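From a predicted model like this one, the values you see are computed outputs, not experimental measurements. Residue numbers begin at 1 in each chain, while the letters A, B, ... track the order of the sequences.
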Amino acid sequence: MSVVTRFAPSPTGYLHIGGARTALFSYLYARKHGGKFLLRIEDTDRERSTDAAVKAIFDGMEWLGLAADEKPIFQTQRFGRYGEVAQDMLKAGTAYHCYCSKEELEQMRNEQMARKEKPRYDGRCRHRTEPRPGVQPVIRFRNPTGGAVVVRDLIKGDIVFQNAELDDLIIVRSDGTPTYNFCVVVDDWEMGVTHVIRGDDHVNNTPRQINILSALGATPPQYGHVPMILGSDGVKLSKRHGAVSVVEYRALGFLPDAVLNYLVRLGWSYGDQELFTREEMQRLFDIERVQKAPARFDMEKLVWVNHEYLKREAPENVAGEFRWHLERLGVQPADGPKLEDVILAQRERCKTLVEMAEKSKFFYADVAAYNEKDAAKHLTPAAADILDALVAELKALPEWKPEAIHAAVHGLAEKKGVGLGAVAQPIRVAVAGMAVSPPIDRTLFLLGRERTLVRLEAARAYAAKK
RNA sequence: GCUCCCAUCGUCUAGAGGCCUAGGACGGAGCCCUCUCAAGGCUUAAACCCCGGUUCGAAUCCGGGUGGGAGCGCCA
């Protein structure tokens, strides 16, 4: 039987970084086994589900490059089917109407809590034959009362639940809409899902789902519950830890593949290997090697991974994201050196694309103001003299090539009897507005002669006035 | 409270009874290199939660404790 996995988020917000990881695991598992990866939108809670959230999820998945193999399924479009299945169960006696009011249930729970018991439905409508007039009933699943359910979890191993611990959960609300646990079961069954890879928070739902599946005569899929991601302080990851939505990671300057690489190593490992190509991830990933304990999210490590990707990736592959960041800074990248060339020149010193964009802005836009400290330190009267001489040298260059620029700069330092720093640093501040840039020959070459000379002149004037 | 899960450096992890004087990576510290910032190279500090048991031998197996997490809705 071929593998079918699925990612089933509820559209009540952005695509969470933890959700992205379970999606990735599902995706990789399907890819590895030549199966299918499906996407299902669990929007049965019409109160909280929004179209904007659906879009946010699609956008996030697309940015990460986690494409589903078929059109996404929306649960709200399957209400008819859930109703049919519920009716079948009613007929078969595996489900029954319950007329208890919310107040009644509430009271029951309170009493159980007071007795220090686990709050659960006590099955008082199980054998009711007559409807309660004027009450719209809910439909409950008739859970087996004896025996146990064994969840053979791919990650956690066997987990045993006593049926006596489980109660009769509601599968259809009094307004006729189906509930989560019921939709999941019907969908996983009819979508032919063979491997359910999902968050840890669903383990306790699993025995119920298996019971319903069995009542339906279906073979339960395999389950793998991946531990959640914690914040750096060991507490559940939330907004106060910073970015949680995957699109925020784009804004922070991360490459999608770097995010994926970081995520796959969070809770999973393959020996000592840290970096994986997409192909390696698909080939090497193994759900059974996923860690059982939750892992903390470490931004520092992500930054490192991202930097590694920036350094290794072909510049053509990062140009798109780089452009996006430049434009975000209000810079028009068309007017200046090729993005690929700038990436090559900058990537050693930039760990994120935000950093790269900020440090590369000067290639595409005029220097609005010098960094105060850098200007004070390097644009001195002595530097004015050097800049002056340099302008003359550069103007005279027969060819605007890195080698020629290099020779001119070094030659000038020698002629003036100063260290290279004494000429390179003023140049940096002059052309970049700050004392940080790629190697000076590279920088001037990319910037172009025209722009270089204008900025050198401006800086010379600025320095001379001091 | 009840049910279920988990536990190796600060963090992510390797480790499936002797290969462990516990390895790698991020981060930290130091040194080298150097036109800035980096990158790179080298060195270094840093962990098996505790207590019992099994065994010739336990980070690895078992039991208990402690600590963390998840779930207990007409939410998903």
With sequence neighbours excluded, tell me which residues meet salt bridge (Lys or Arg N to Asp or Glu O under 4.0 Å) with A:Asp122. A:Arg124
Find which nucleotide of RNA chain B each of A:Glu308 and A:His202 is nearest to by heavy atoms, and output the residue with the more 5' nucleotide. A:Glu308
Of the nucleotides B:C26, B:U36, B:C2, which has the atom closest to the A:Trp304 side chain? B:C26
Check every strand shown and say whether A:Phe161 touches a base, only sugar-phosphate, or nothing at a heavy-atom separation below 4.0 Å. sugar-phosphate
Looking only at the aromatic ring of each residue, does the gap between the centers of A:Phe297 and A:Tyr249 stay below 6.0 angstrom? yes
So what does A:Thr44 touch, heavy atoms closer than 4.0 Å: a base, only the sugar-phosphate, or nothing? sugar-phosphate
Categorize A:Gln112 for me: base, sugar-phosphate, or nothing, with a 4.0 angstrom heavy-atom threshold over every strand shown. nothing
Using the C1' atom in both, what is the distance from B:C9 to B:U44, to the nearest Å? 14 Å
Taking any heavy-atom pair under 4.0 Å as a contact, classify A:Ala293: base, sugar-phosphate, or nothing. sugar-phosphate
Would you tell me if any nitrogen or oxygen in the side chain of A:Lys116 comes within less than 4.0 Å of OP1 or OP2 on B:C2? no
Across the strands shown, which category fits A:Glu274 at heavy-atom distances under 4.0 angstrom: base, sugar-phosphate, nothing? base
Taking atom P in both B:C74 and B:C61, what distance in whole Å separates the two? 40 Å
So A:Pro439, base contact, sugar-phosphate only, or nothing? Heavy-atom distance under 4.0 Å. base
Is a salt bridge present between A:Asp257 and A:Arg278, judged by a nitrogen-to-oxygen distance below 4.0 Å? yes
Kindly indicate whether the side chain of A:Arg109 and the base of B:C72 share any N or O donor-acceptor pair separated by less than 3.5 Å? no
Salt bridge A:Arg40-A:Glu42, side-chain N to carboxylate O under 4.0 Å: yes
Distance in angstrom units between A:Phe79 CZ and B:C74 P, rounded: 16 Å
Contact class for A:Asp175 (heavy atom, under 4.0 Å): base, sugar-phosphate, or nothing? nothing
For the side chain of A:Glu348, starting at C-beta, report the closest nucleotide among B:A39, B:G73, B:G71. B:A39
Has A:Lys351 got a side-chain N or O lying under 4.0 Å from the OP1 or OP2 atom of B:A39? yes
The Watson-Crick or G-U wobble partner of B:C72, with both key distances under 3.5 Å, is B:G1
Phosphate contact (B:A76 OP1 or OP2) by A:Arg40 side-chain N/O below 4.0 Å: no
Return the nearest nucleotide to the side chain of A:Arg349; candidates are B:U36, B:G27, B:C4. B:U36
Students often get this wrong, so: under 4.0 angstrom with heavy atoms, is A:Leu266 touching a base, only sugar-phosphate, or nothing? sugar-phosphate
Please state the P separation for the pair B:U13 and B:U8 - nearest whole angstrom. 9 Å
Which of the following nucleotides, B:C35, B:C26, B:U11, is nearest to the side chain of A:Arg296? B:U11
Report the residues that fulfil side chain to side chain contact (heavy atoms under 4.5 Å, CB included) with A:Pro337, sequence neighbours left out, ordered by chain and then residue number. A:Val342, A:Phe363, A:Tyr364, A:Leu446
Can you check whether A:Thr179 has a side-chain N or O nearer than 4.0 Å to OP1 or OP2 of B:C74? no
What is the distance, rounded to the nearest whole Å, between atom NZ of A:Lys156 and atom P of B:A70? 12 Å
Answer with base, sugar-phosphate or nothing: what part of the nucleic acid does A:Arg442 contact at a heavy-atom distance below 4.0 Å? nothing
Say we look at B:U60 and B:C48: how far apart would their C1' atoms be, to the nearest angstrom? 10 Å
Quote, to the nearest angstrom, the P distance that separates B:A45 from B:U54. 37 Å
When rounded to the nearest Å, what value does the distance between C1' atoms of B:C33 and B:G41 take? 8 Å
Can you tell me the base-pairing partner of B:C37? Count Watson-Crick or G-U wobble geometry only, both distances below 3.5 Å, and say none if there is no partner. none
What does A:Val203 touch in the nucleic acid at a heavy-atom separation under 4.0 angstrom: a base, only the sugar-phosphate, or nothing? nothing
pair_partner(B:C19), Watson-Crick or wobble, both distances < 3.5 Å, evaluates to none
Give a yes/no answer on whether the side chain of A:Arg208 brings an N or O atom under 4.0 Å of OP1 or OP2 in B:C72. no
Distance between P atoms of B:G53 and B:A46 (Å, rounded): 30 Å
Counting any heavy atom closer than 4.0 Å, what does A:Gly267 reach on the DNA or RNA strands: base, sugar-phosphate only, or nothing? sugar-phosphate
Look at the side-chain N and O atoms of A:Lys311 and state whether any lies under 4.0 Å from the OP1 or OP2 oxygen of B:G40. yes
Decide yes or no, distance alone: a donor-acceptor N/O pair under 3.5 angstrom between the base of B:G71 and the side-chain of A:Asp201. no
By nearest atom, which of the nucleotides B:A76, B:C72, B:U13 is closest to the A:Ser10 side chain? B:A76
Looking for any heavy atom pair under 4.0 Å, which part of the strands does A:Arg428 touch: base, sugar-phosphate only, or nothing? base
Opposite nucleotide pairing with B:U66, Watson-Crick or G-U, both atom distances under 3.5 Å: B:A7
Along RNA chain B (nearest heavy atom to each residue), the more 5'-positioned of A:Arg347 and A:Arg140: A:Arg347
Looking only at the side chain of A:Lys102 (C-beta and beyond, no hydrogens), which of the listed nucleotides B:C4, B:C74, B:G69 gets closest? B:C74
From the set B:C4, B:C72, B:A39, return the single nucleotide nearest to any side-chain atom of A:His307. B:A39
With no hydrogens and no angle check, is any side-chain donor or acceptor of A:Tyr262 less than 3.5 Å from a backbone partner on A:Asp298? yes
It should be established whether A:Gln75 places a side-chain nitrogen or oxygen under 4.0 Å from OP1 or OP2 of nucleotide B:A76. no
Determine the interplanar angle of the A:Trp268 and A:Phe285 rings, folded into 0 to 90°, and report it as parallel if under 30°, tilted if 30 to 60°, perpendicular if over 60°. tilted
Using OP1 and OP2 only, check whether a side-chain N or O of A:Arg48 sits under 4.0 Å from B:A76. no
Salt-bridge present (A:Lys156, A:Asp200; N to O < 4.0 Å): yes
Where the side chain of A:Glu42 is concerned, which of B:A76, B:C12, B:G71 is the nearest nucleotide? B:A76
Across the strands shown, which category fits A:Met228 at heavy-atom distances under 4.0 angstrom: base, sugar-phosphate, nothing? sugar-phosphate
Given B:C4, B:U13, B:G15, the nucleotide with the shortest approach to the side chain of A:Arg289: B:G15
The residue among A:Arg120, A:Arg208, A:Arg140 that forms salt bridge (charged side-chain N to carboxylate O under 4.0 Å, His left out) with A:Asp167 is A:Arg208
Ring centres under 6.0 Å, that's the criterion: do A:Trp400 and A:Phe445 meet it? no
I'd like the P distance from B:C20 over to B:G15, given in whole Å. 14 Å
G-U wobble or Watson-Crick pairing nucleotide for B:C61 (cut-off 3.5 Å, both distances): B:G53
Tell me what A:Pro9 touches on the nucleic acid: a base, only sugar-phosphate, or nothing, going by heavy atoms under 4.0 Å. nothing
If you check every side-chain atom of A:Ile170, which of B:C74, B:C4, B:A70 has the closest atom? B:C74
Nucleotide B:C12, atom P - distance to CG of A:Asp233 in whole Å: 12 Å
